[in-house]
Amino acid sequence: MTNLANKQRGVFSIELAMILVGFSLIIVFTMDVVTKQSVKGKLDRLSYSVVSLLKERTQLFDGEERMTNGEAAAALALVSNSLTATMNSFEASRVGILIEQQRFNSEQQAIPSVNGVNIYKVGEYDCEPVARLSTKAELSPVTNFGNRLSLYQVTLCYQTDNLFGSLIGKSWELARSTSISIGR
């Protein structure tokens, strides 16, 4: 009788260990998803704010419509400062920003550049959008004067911790947000 009870305790211990491992994986996965969603929410707000600032900069600062590398670097500094204030474990080496600007000439054609789009890549983390701005030229409306308005697209990327991915041998560390806006 005691031999049977010992065997049942052993089976119970093995089953409990398997359940605890599975439960631990679920907890780590949930923590990872919550962390990534939190970072993505911050990036969503920031990408919208940055694209709004970039499209309004000609009105706010009497600037030229074509962006400069200095303006792209200033946008990265703004993003880094904001993320430093809102994230405990922020690292500047994990953030990247890709700014795309598409301008049009008087014939409503994209002004020559790389695929008609000026691209500014700043930050240490390589950031790529889901879809390039050059594929969205039809979003630019034509004004009453027959001009097409410039388009701006900002993609922010942040390399988050890879908690769950490291347990299963995958890489799920990218949090990315893209915002697009029409210039004035």
Side-chain angles (χ1 to χ4, degrees), residues 1-55 69 71-101 114-115 117 119-136 139 151-181:
M1 185 74 170
T2 57
N3 194 15
L4 182 62
N6 284 340
K7 286 182 182 179
Q8 287 179 346
R9 276 192 212 131
V11 170
F12 175 76
S13 298
I14 292 171
E15 289 174 351
L16 180 63
M18 290 174 25
I19 289 172
L20 289 177
V21 167
F23 189 64
S24 297
L25 285 174
I26 290 171
I27 288 174
V28 170
F29 176 74
T30 304
M31 287 174 31
D32 204 27
V33 167
V34 167
T35 302
K36 285 174 180 35
Q37 283 300 109
S38 173
V39 171
K40 182 160 177 16
K42 290 174 177 101
L43 293 180
D44 285 343
R45 289 187 295 279
L46 277 172
S47 68
Y48 180 76
S49 297
V50 170
V51 80
S52 295
L53 281 173
L54 291 175
K55 78 169 186 157
N69 289 326
E71 290 170 334
L76 177 65
L78 177 72
V79 167
S80 292
N81 289 338
S82 181
L83 288 175
T84 299
T86 58
M87 290 176 62
N88 293 338
S89 61
F90 174 74
E91 294 178 33
S93 63
R94 293 177 156 204
V95 69
I97 185 171
L98 178 77
I99 301 170
E100 297 173 274
Q101 178 192 33
V114 179
N115 294 329
V117 178
I119 297 173
Y120 305 90
K121 241 182 185 179
V122 288
E124 295 180 41
Y125 190 72
D126 189 30
C127 190
E128 289 296 324
V130 174
R132 288 285 186 179
L133 186 60
S134 59
T135 63
K136 303 173 186 175
L139 294 177
L151 291 174
Y152 296 88
Q153 178 170 293
V154 171
T155 303
L156 294 177
C157 298
Y158 189 78
Q159 181 184 11
T160 62
D161 293 330
N162 192 27
L163 297 175
F164 185 72
S166 62
L167 290 176
I168 63 168
K170 300 279 184 177
S171 178
W172 291 318
E173 58 190 20
L174 175 65
R176 172 179 37 212
S177 178
T178 301
S179 295
I180 188 168
S181 185

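Contact between Ser80 and Val95 at its shortest, heavy atoms only, is OG-CG1, 4.0 Å. The two atoms that bring Leu156 and Cys127 nearest to each other are C-SG, 3.8 Å, heavy atoms only. Minimum interatomic distance between Leu43 and Arg176 (heavy atoms only, all atoms of both residues): CD1-N, 4.1 Å. When every heavy atom of Ala72 is checked against every heavy atom of Tyr120, the shortest pair comes out as CB-CB, 3.7 Å. For the pair Leu46 and Ser82, the tightest heavy-atom approach, listed with the atom from each and the gap, is CD2-OG, 3.4 Å.
Counting only residues at least two apart or on different chains, the salt bridge (charged side-chain N to carboxylate O under 4.0 Å, His left out) pairs with a member in residues 43-54 are Lys40-Asp44.
Considering CG of Leu20 and CG of Leu16, their distance stands at 4.5 Å, rounded to 0.5 Å. In this structure, CZ in Phe90 is found 5.0 Å from CG in Leu83, a value given to the nearest 0.5 Å. Of the inter-residue distances, the one linking Leu76 atom CG with Ile97 atom CD1 reads 6.0 Å to the nearest 0.5 angstrom. One finds the CD atom of Gln153 at 5.5 Å from the OG1 atom of Thr178 (value rounded to the nearest 0.5 Å). Distance CZ/Phe12 to CD1/Ile19: 8.0 Å, rounded to 0.5 Å. Taken to the nearest 0.5 Å, the OG atom of Ser47 stands 11.0 Å off from the CD1 atom of Ile99.
Between the side chain of Asn81 and the main chain of Ala77, a donor-acceptor pair closer than 3.5 Å is present. In this structure a side-chain-to-backbone donor-acceptor pair under 3.5 Å is missing from Ser38 to Val34.
Between Lys121 and Glu128 there is a salt bridge, since a side-chain N of the basic residue sits under 4.0 Å from a carboxylate O of the acidic one.
Under 3.5 Å, the side chains of Lys36 and Thr160 contain a donor-acceptor pair of N or O atoms. Between the side chains of Tyr125 and Gln159, no donor-acceptor pair of N or O atoms lies under 3.5 Å.
For Glu91, the salt bridge (Lys or Arg N to Asp or Glu O under 4.0 Å) criterion is met by Arg94, not counting sequence neighbours.
Counting heavy atoms from C-beta outward, Ile180 and Val51 have side chains that stay 4.5 Å or more apart. Leu25 has its side chain out of reach of Phe29: every pair of non-hydrogen atoms, C-beta onward, lies at least 4.5 Å apart.
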Side chain to side chain contact (heavy atoms under 4.5 Å, CB included) between Val122 and Leu98, intermediate numbers included: CA-CA 7 Å; Val122 288; Leu98 178 77; over 6 Å; no
